[in-house]
Amino acid sequence: MKKIPVIIDCDPGVDDTAALLLAHQMPELEILAVTTVAGNVSVDKTTINAMRVRKASGAGYPVFSGAEHPMFREPVTASGVHGEDGFGGVEMEIPDDEIPAEKAWDAMYRIAKEQKGELTIVATGPMTNLSIALSKYKELPQLVKRIVIMGGAAIGGNVTPAAEFNIYVDPEAADMLFQSGIPVYMCGLDVTMKAYITPEELEKVGALGSPQAKLFHDVFQNLQKKALEEWEQPGVALHDPVAVMYAADDSIFETHHVGIRVETKGEITLGKTVTDLYSDKQMEHNAYIVMDVDRDAFLKKVMDLMAKY
Ligand code: RIB
Ligand code: CA
């Protein structure tokens with residue numbers, strides 16, 4: 001089977017950490033690079049965390065650091081959810097590897113050219129790096145096969161009632177993506193909230209026994225407590241693992257071809273992903289929205305992949 005060449009653009013981040021651990025074990029994917037962006041925490045911390053996960057998983061991909069703040073706005077972080085260090089409060093030494101001077105957006109362009117139009121970019125943080133790459137390299141849309149994002153929602157939000165975090169942090173960047181002409185597959189809250197892991201299932205991952213399974217288990221402990229006690233959810237939503245799982249194999253998901261644009265001017269609705277999925281089909285159908293998942297199949301994949309460590 002020909003592997004899918006991917007770049008994972010992320011803001012680790014507890015669920016980004018899980019996504020990277022899982023992606024490393026996915027036979028369908030060849031991770032050519034991980035790029036980091038300011039999001040859950042500052043970009044210096046997301047970069048350290050990406051390097052921590054690379055070392056912990058035994059991966060060899062390069063990590064390129066990216067944008068320190070959104071295109072036109074002040075940074076918004078989620079340290080209250082992911083911890084001050086963005087690593088769920090898990091103590092882990094900072095790898096002493098050198099961070100390449102090449103910036104995330106330049107690496108994206110270089111690798112897209114090398115892959116001759118076959119590259120998939122999976123974005124699980126604010127899409128600032130992608131929008132910088134699109135602004136700097138006009139021919140990028142002809143070089144990227146598809147972009148799979150964790151972000152947005154047809155209905156609802158988690159920062160405001162209208163907006164999901166990755167879109168809310170940099171709405172202009174997200175809207176640039178949807179207008180770029182590159183096929184964008186949006187794994188929003190509609191599907192990621194269904195892809196939750198219960199405390200019992202999380203304990204089963206931890207019980208697999210490898211250091212990587214323990215890391216997966218440990219990084220989620222604080223977020224799980226919040227999800228159960230504050231948000232009254234049945235388990236922790238595996239937001240970012242959905243995006244990498246979708247990129248590898250979309251067969252357990254439900255996808256619709258729709259129009260999607262982002263509200264960048266609103267006050268109450270700032271960062272809302274507007275889609276015509278539930279209305280008259282008045283928009284240009286420029287994207288794909290993922291609305292459902294076979295949760296049992298998804299969780300089985302999580303367990304099987306983590307058992308490979
Ligand atoms: O809304 C969830 C998204 O925001 C996830 O990617 C999480 O890591 C945060 O970045
Ligand atoms: Ca993320």
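Order of appearance sets the numbers: ligands from 1, and atoms from 1 within every ligand.
Taking atom 8 (O) of ligand 1 as the reference point, the nearest protein heavy-atom neighbour is D15 OD1, 2.6 Å. Nearest protein heavy-atom neighbour of atom 10 (O) of ligand 1: N166 OD1, 2.9 Å. Among all protein heavy atoms, the one lying closest to atom 9 (C) of ligand 1 is N40 OD1, 3.1 Å. Atom 1 (O) of ligand 1 has E164 OE2, 2.6 Å as its closest protein atom, hydrogens excluded (heavy atom only). In terms of protein heavy-atom proximity, atom 6 (O) of ligand 1 is nearest to D240 OD1, 2.6 Å.
Within the 3.0 Å limit, T124 places at least one N, O or S atom next to the Ca ion (ligand 2). For a distance bound of 3.0 Å, the N, O or S atoms of D15 include none lying that close to the Ca ion (ligand 2).
Using a 4.0 Å cut-off between charged nitrogen and carboxylate oxygen, E139 and K113 do not count as a salt-bridge pair. Ion pairing of K2 with E118 is absent here, as no side-chain N (NZ or NE/NH1/NH2) approaches a carboxylate O to less than 4.0 Å.
With a 6.0 Å radius and a threshold of 12 heavy atoms from other residues, nucleotides or ligands, E114 has its CD atom above the threshold. Shown here is K204, whose NZ atom has no more than 12 heavy atoms of other residues, nucleotides or ligands within 6.0 Å. Other residues, nucleotides and ligands place more than 12 heavy atoms under 6.0 Å from the NZ atom of K281. With a 6.0 Å radius and a threshold of 12 heavy atoms from other residues, nucleotides or ligands, Y246 has its OH atom above the threshold.
Checked by distance only, ligand 1 and H239 stay at 3.5 Å or farther apart across all their nitrogen or oxygen atoms.
If you take CD1 on I99 and CD1 on I48, they are separated by 7.0 Å, rounding to the nearest 0.5 Å.
Within the 3.5 Å criterion, the main-chain N or O of V6 finds no donor-acceptor partner in the side chain of T120.
Those atoms of ligand 1 with a heavy atom of M150 less than 4.0 angstrom away are 2 (C), 3 (C), 5 (C), 6 (O).
For T192, no heavy-atom contact with ligand 1 is shorter than 4.0 Å. Of the heavy atoms in T124, only backbone atoms (N, CA, C, O) come closer than 4.0 Å to ligand 1. When non-hydrogen atoms are compared, ligand 1 lies under 4.0 Å from neither the backbone nor the side chain of V14.
By the 30° and 60° cut-offs, the orientation of the rings of Y109 relative to Y137 is parallel.
Within D11, the N, O or S atom lying nearest to the Ca ion (ligand 2) carries the name OD1. Of all N, O or S atoms in D240, the one lying closest to the Ca ion (ligand 2) is OD2.
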